[in-house]
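Computed from a prediction, not measured in an experiment: that's the story for all the values here. Here is the naming used below: chain letters follow the sequence lines, and residue numbers restart at 1 for every chain.
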Amino acid sequence: MNYLAHDIEKKWQHYWQNNHTFEASNDSEKEKYYILVEFPYPSGSGLHVGHVRSYTALDAYARMKRMQGFNVLFPMGWDAFGAPAEQYAIKNHIHPKEAVQENIKTFKGQIQDLGISFDWSREFATTDPEYYKWTQWQFLQFYKHNMAYKTRKDINWCPNCKTGLSNEDASGGVCERCGTKVVQKEKEQWMLRMSDYAEDLLTGLDDTKFADRIKLGQINWIGKSKGAEVDFKVADTDQLLTVYTTRPDTLFGVTFMVVAPEHPIIETLKDKITNMDEVVKYQAFAKSKTEFERTELAKDKTGVQLKGLMAINPLNNTKIPIWISDYVMMSYGTGAIMAVPAHDDRDYEFAKKFNIPIIQVIAKSFTGTGDSKMRADKPVTNREVVNAIIKHPTENKYLCVRNKKFNWLNFVMGGIEEGETPIRAGIREVIEETGYNDITIEKEMEFIYFDNFYAAHKDVNRHITCYTVIGELNSLNTVERSEEEAALADVEWVAEDELLEKLTTEAHRYDASRLINGEGALTDEGVHINSDFVNELTKQEAIDTMLAYLDKNKLGRAKTNYRLQDWIFSRQRFWGEPIPLIHCDDCGWVPVPEEELPVLLPDVAEYEPTDDGESPLANITEWVNTPCPKCGKMAKRETDTMPNWAGSSWYFLRYMNAHNASAFVSPEALKYWGKVNWYNGGMEHTTRHLLYARFWNQFLYNIGLVPNKEPFEIRVSHGMILGSNGEKMSKSRGNVINPDDIVKEMGADALRTYEMFIGDYEKDAAWSTNGLKGCKKFLDRIWRIQEKLNDKDGYTNEILVNKTIKKVTNDLANMKYNTAVSALMIMLNEYEKQDSITKDDLRILVHLLNPIAPHITEEINEVSALGKPLCESTWPSYDDSKTIDDSYEMVVQVNGKVRGKIEVATDTNKEEMESLAKGLDNVKVHTANKEIIKIIVVPKKLVNIVVK
RNA sequence: GCGAGUGUGGCGAAAUUGGCAGACGCACUAGACUUAGGAUCUAGCGCCGAAAGGCAUGGGGGUUCAAGUCCCUUCACUCGCACCA
């Protein structure tokens, strides 16, 4: 008995099609379930094996859900606007819509060959005028609610694609599509006020069940940051320079200000700036850098001081210089910062480069550990001390002393006496404690710290303010130490790489790490110093206190910023939805009346983007010139088109009611289908597309057009299918697997089964033709198992059946396809071991495998006359009490090592388990002459005998 | 730099959440059946060892009767974000 995969696959695909098996009803008594997989861009290269993975996965889920009695909506369509179709059209001088139609035909054929149970009655493409009519209509809703505006601003411009890009499209400073370096170009652009929704997009995540990594991606992209705006007066002017900072508590540490090169204050106060030439030159320099260079070549700080201007610290009226530098971005915060070089890496680097003073306002504070923790019953003494790090004259070792009584090993340390500098004190202490007297100390570490501890040698608590000095011995010359000192401690030289493990005191190890790693800004938490009314407070206390102070004195205010910016919604390309607005010299921007929608893309011969940054549509005068809908005077159409994210921002709504000609979707359909229950897509879309779609939906919700604020309940993303060499599949790498070839050679079921078995669904996986063959073999064995059918009823192995139903049901619902397939392989292996199997046995197997391999299972079901077609059948249920075997292999361990196994009844009690375990010969061997300390018995698992 | 994730046989991977590490599959080895095998079946298959046994989940340390799983530390790779104040 043999079968031809191709024939039976075609047969059942026709059956499903002719019977409208997978068409969802908008009017059903059943509970609804909406499963969505991202619709593809129908590229010319056809379906990728990666598509097969996610489509099969969601198909399997949809098929199971249908059998479980749900009214499942599982639609498919085409995201067909976009550059490749346009490129193709430019090259071949045909209208992009023709290329798109051709590609859709290919894609659809390929998908249908796979037997994916999409509801094709709801199919559409974003390029259909019946669809983009409603995309335009929704844009007008944005416009009417003041959510769309046109502005002149520097935008990301791709010189190759000749179009503006959103920030999301230009991440990394290169064009998402072609990889060309993006440049800044000033242009008028339509924008959507997405930043207004930043908070809602953030909090809305709580109403979703997205995977954590996806939520995190969204959270990072929105980039919420809490801080404050602080107003600095500019001396001798009436101007305020407002900065954004997350650390208002460090305001006493500000030693300079930095504004972005484009900051308007430069223009406003240019008459006061005495070095305008230099400033203008720097502005030009900054602008000439692409975004890429600005970030990638970030290592070196550049900048110019605005001479003639000084800002005034609002707390203490200190005058502070103002600089411009491109490390401050106009697009974030206020485009100006207060620089606190002591506690910010970038400010530190800048201050070092331009020799600007540094004021420490936070001191690291240690609290002692173990025996050195402060004791409540002892007095506290305050001291100023010096900590001397002294290098050996010839070797890479440092001078340490070991306290004989307590065995502490530390750097030389001692009190600073009245009128003494830390350096003088350091030299004196080294001589006193070690006898070395040929010392040079030139450097004092930038930052002091506090150490609070119980000083056992003096039986007091100490609060010390520590100054660290760094020096070296010129020679090993010594003088005699006092007897007292010599009795107290030994001198010890410690190699640099051993300091961190050998030093006793945490504070000294900290000093050592700064010595080894070099000094930089002190960004750790600590206690405030040099800061008047926030002194001695911790970070959060100081922030709160400072905010209250600023607020009370009207010097600033709490402020939350977001990385998320408004959505640049214009593209200067032909192949996109025309923005349905008309510009009239008298009336300004006027929306195209709704009854005139859609604004159709004209049929023309040329689609090339233009060098001057205008859309190719701008050249089509008969299309551009049109009467103003308001006053009738000749006016001009907007020639920019929408980004290709527009159509995909609401397609999930359209599926609910795909061919509605009078509304984007009917309220009834919206109400019935509600949220997408399960949305699958690529990891590459978890920031952009997912954010745009959520924003779009939240807007529609706010104006009362959709019933749910969040459109998607669960979002999962699949891993990529890589080439057999573990690299991304690409023509240039020559590792592309074409699904058509596999379907032809092995059949769709084998391909589907293999891709489900390949590994963790959410992880990338490399293609393996051998693995595929294994799955094909599995299906062949399934076919042959029919030869073992007997005419008995019931299950040959009831436990196996119930176990497998449970496993497969749970695995399919949790995207664990690989283990679901494995459970079915185990079931088949068991069936093969038996002399014969019943129809009931086989019926379960084909039901459980059907979601993954739908064709062969339908055929077996029919050939062996097991019942009505599986697609009309019900999902098997299991009895939990019959998933447990009545016996198991009890493991017996001695000291955690397996020494024996016995088959015992599942209901064996603890006492019996214990005595059975002790009775094993091998256990006796390992426990002989030993004392049994305890016995751990884990019911239904093992016995562990602990002996000594 | 920050954030997240991953690391288990020759390979893809499992491991009811702390309880026999390596299920299932691939590859491989031996055998059977065959005119033939890229078919099918049977057996074997982490490493060392003749065996008893020992060693094994990137490395090191810890908690525990028991650790792939928990804690600390370290290394490597992958992916996001990146002068975001």
Side-chain angles (χ1 to χ4, degrees), chain A residues 171-173 212-214 216-217 219-221 223-225 227-228 243-247 250 258 260 294-301 325-329 331-340 344-347 349-350 523 561-565 683-684 686-687 719-720 724 726 753-754 757-760 762-775 777-778 780-781 784 806-807 810 816 818-829 832 883 889-901 922 925 933-947:
Chain A
S171 68
D212 283 346
R213 62 173 179 164
I214 293 169
L216 211 71
I219 290 167
N220 288 342
W221 196 270
K224 182 175 184 171
S225 119
V243 302
Y244 176 72
T245 177
T246 53
R247 296 298 302 274
T250 60
V258 186
R294 241 173 117 155
T295 52
E296 205 58 19
L297 310 174
K299 320 218 153 49
D300 227 14
K301 293 276 179 295
S325 171
D326 62 3
Y327 85 90
V328 173
M329 308 287 151
S331 55
Y332 186 78
T334 61
I337 62 157
M338 57 180 225
V340 185
D344 181 280
D345 289 322
R346 295 150 299 172
D347 299 346
E349 208 184 311
F350 195 86
T523 51
N561 263 330
Y562 300 91
R563 206 184 77 102
L564 185 71
Q565 293 174 29
M683 206 53 207
E684 70 278 15
T686 52
T687 41
M720 269 189 296
S724 51
T753 308
Y754 170 60
F757 188 58
I758 196 167
D760 187 331
E762 299 198 76
K763 285 192 205 145
D764 293 351
W767 180 267
S768 153
T769 300
N770 278 329
L772 169 70
K773 279 188 207 156
C775 289
K777 211 160 86 178
F778 166 64
D780 291 346
R781 281 164 56 207
R784 285 198 303 268
K806 183 177 180 178
K807 175 84 179 145
N810 291 336
K816 300 182 85 171
N818 52 342
T819 48
V821 174
S822 140
L824 291 166
M825 287 173 169
I826 292 168
M827 180 178 239
L828 177 66
N829 288 345
E832 283 180 340
T883 58
E889 199 173 52
M890 182 181 89
V891 170
V892 182
Q893 299 177 330
V894 178
N895 283 348
K897 297 218 157 98
V898 181
R899 298 300 179 190
K901 295 173 185 183
N922 200 33
V925 170
I933 298 168
K934 64 171 150 177
I935 298 180
I936 284 125
V937 181
V938 185
K940 290 175 196 163
K941 287 220 168 74
L942 56 73
V943 175
N944 187 12
I945 302 169
V946 186
V947 297

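- Here B/rG12 is in the anti range [glycosidic angle more than 90° from 0].
- Comparing the P positions of B/rC45 and B/rA51 gives an interatomic distance of 13 Å, to the nearest angstrom.
- A/V891 comes within contact range of at least one nucleobase, with a heavy-atom separation under 4.0 Å.
- Nearer to the 5' terminus of RNA chain B, by closest-nucleotide assignment, is the contact made by A/V938 (compared with the other of A/V938 and A/V821).
- Figure legend. B/rA82 is base-paired to no nucleotide; pairs are counted as Watson-Crick or G-U wobble with both atom distances under 3.5 Å.
- Taking atom C1' on both B/rG25 and B/rG60, the two are 35 Å apart, rounded to the nearest angstrom.
- Closest approach of A/M338 and A/D347 over heavy atoms only: O-OD2, 4.0 Å.
- Nucleotides B/rU57 and B/rA67 have their C1' atoms positioned 11 Å apart, rounded to a whole Å.
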Polar-atom pairs under 3.5 Å, protein N or O versus N or O of nucleotides 51-54 of chain B: list them with distances, or write none.
from: B/rG54; atom 1: OP1; to: A/R899; atom 2: NH2; distance (Å): 2.9
from: B/rG54; atom 1: OP2; to: A/R899; atom 2: NH1; distance (Å): 3.3

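- The interatomic distance linking A/K816 (NZ) with B/rC24 (P) rounds to 17 Å, in whole Å.
- A donor-acceptor contact shorter than 3.5 Å is absent between the side chain of A/N922 and the backbone of A/G900.
- Glycosidic conformation, B/rU17: syn, with the torsion inside 90° of 0.
- Nucleotide B/rC45 has no partner under the Watson-Crick or G-U criteria, as no pair reaches both atom distances under 3.5 Å.
- Here B/rA21 presents its P atom at 14 Å from NZ of A/K941, a figure rounded to the nearest Å.
- Residue contacts shown for A/D344 are absent, as no nucleic acid heavy atom lies under 4.0 Å away.
- If you take CZ of A/F757 and C1' of B/rG25, they are 4 Å apart, rounded to a whole angstrom.
- With C1' as the reference atom, B/rA15 and B/rG68 are 9 Å apart, rounded to whole Å.
- In this structure, A/D760 atom CG and B/rU6 atom C1' are separated by 11 Å, rounded to whole Å.
- With a 3.5 Å ceiling on both atom-pair distances, B/rU57 lacks any Watson-Crick or G-U wobble partner.
- Residue A/I935 holds its CD1 atom at 13.0 Å from CD of A/Q893, rounded to the nearest 0.5 Å.
- Near RNA chain B, meaning a heavy atom under 4.0 Å from it, residues 766-774 of chain A has A/N770, A/G774 in order of number.
- For B/rC83, the base has a donor-acceptor partner in the side chain of A/K301 [N/O atoms by modelled type, under 3.5 angstrom].
- Counting to the nearest Å, the C1' atom of B/rG80 and the CE atom of A/M683 are 8 Å from each other.
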Pairs: protein N or O with nucleotides 39-44 of chain B N or O, under 3.5 Å:
none

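- Base-pair partner of B/rG5: B/rC77 (Watson-Crick or G-U wobble, both distances under 3.5 Å).
- With both pairing distances under 3.5 Å, B/rU16 is matched to nothing as a Watson-Crick or G-U wobble pair.
- The C1' atoms of B/rU35 and B/rU42 are separated by 23 Å, rounded to the nearest whole Å.
- A straight line from CG of A/N895 to P of B/rU64 spans 15 Å, rounded to a whole angstrom.
- For the OP1/OP2 pair of B/rC65 and a distance below 4.0 Å, the side-chain nitrogens and oxygens of A/K934 include at least one atom meeting the criterion.
- Taking only side-chain nitrogens and oxygens, A/Y244 never comes nearer than 4.0 Å to OP1 or OP2 of B/rA85.
- Note on ring orientation: taking the six-membered ring where Trp is involved, the planes of A/W767 and A/Y754 are perpendicular (angle over 60°, cut-offs 30° and 60°).
- Atom NZ in A/K807 sits about 13 Å away from atom P in B/rC24, given to the nearest Å.
- Nearest heavy-atom pair, A/Y327 versus A/K301, reported as atom, atom and distance to 0.1 Å: CD2-CD, 3.6 Å.
- Remark: the backbone N or O of A/I936 is not paired with any side-chain donor or acceptor of A/N944 at under 3.5 angstrom.
- Closest-nucleotide positions on RNA chain B for A/R213 and A/M825 were compared, and the one nearer the 5' end corresponds to A/R213.
- A/N829 comes within contact range of the sugar-phosphate backbone alone, with a heavy-atom separation under 4.0 Å but no base atom that close.
- Among the protein residues, A/I758 comes within range of the sugar-phosphate backbone only, with heavy atoms under 4.0 Å from sugar or phosphate atoms but none that close to a base.
- Residue A/Y244 comes nearest to A/S225 through the heavy atom pair OH-OG, 2.6 Å, listed as atom of the first residue, atom of the second, then distance.
- No donor-acceptor distance shorter than 3.5 angstrom exists from the side chain of A/D764 to the backbone of A/G719, with no hydrogens or angles considered.
- When the P atom is compared between B/rA21 and B/rU69, the two are found 13 Å apart, to the nearest whole Å.
- A gap of 29 Å separates the C1' atoms of B/rA13 and B/rG31, to the nearest Å.
- Rounded to whole Å, the distance from CZ on A/R563 to C1' on B/rG3 is 12 Å.
- B/rA85 sits 44 Å from B/rU8 when the C1' atoms are compared, rounded to a whole Å.
- The pairing partner recorded for B/rA66 is none, the criterion being a Watson-Crick or G-U wobble arrangement whose two distances lie under 3.5 angstrom.
- A distance-only check finds no donor-acceptor pair linking the side chain of A/T819 to the backbone of A/S822 [under 3.5 Å].
- Figure legend. B/rA52 is base-paired to no nucleotide; pairs are counted as Watson-Crick or G-U wobble with both atom distances under 3.5 Å.
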| query | Stepwise, does the salt bridge (charged side-chain N to carboxylate O under 4.0 Å, His left out) test hold for A/E832 with A/R784? | reply | CA-CA 10 Å; A/E832 283 180 340; A/R784 285 198 303 268; 5.6 Å; no
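- Residue contacts for A/L216: at a heavy-atom cut-off of 4.0 Å it reaches the sugar-phosphate backbone alone, with no base atom in range.
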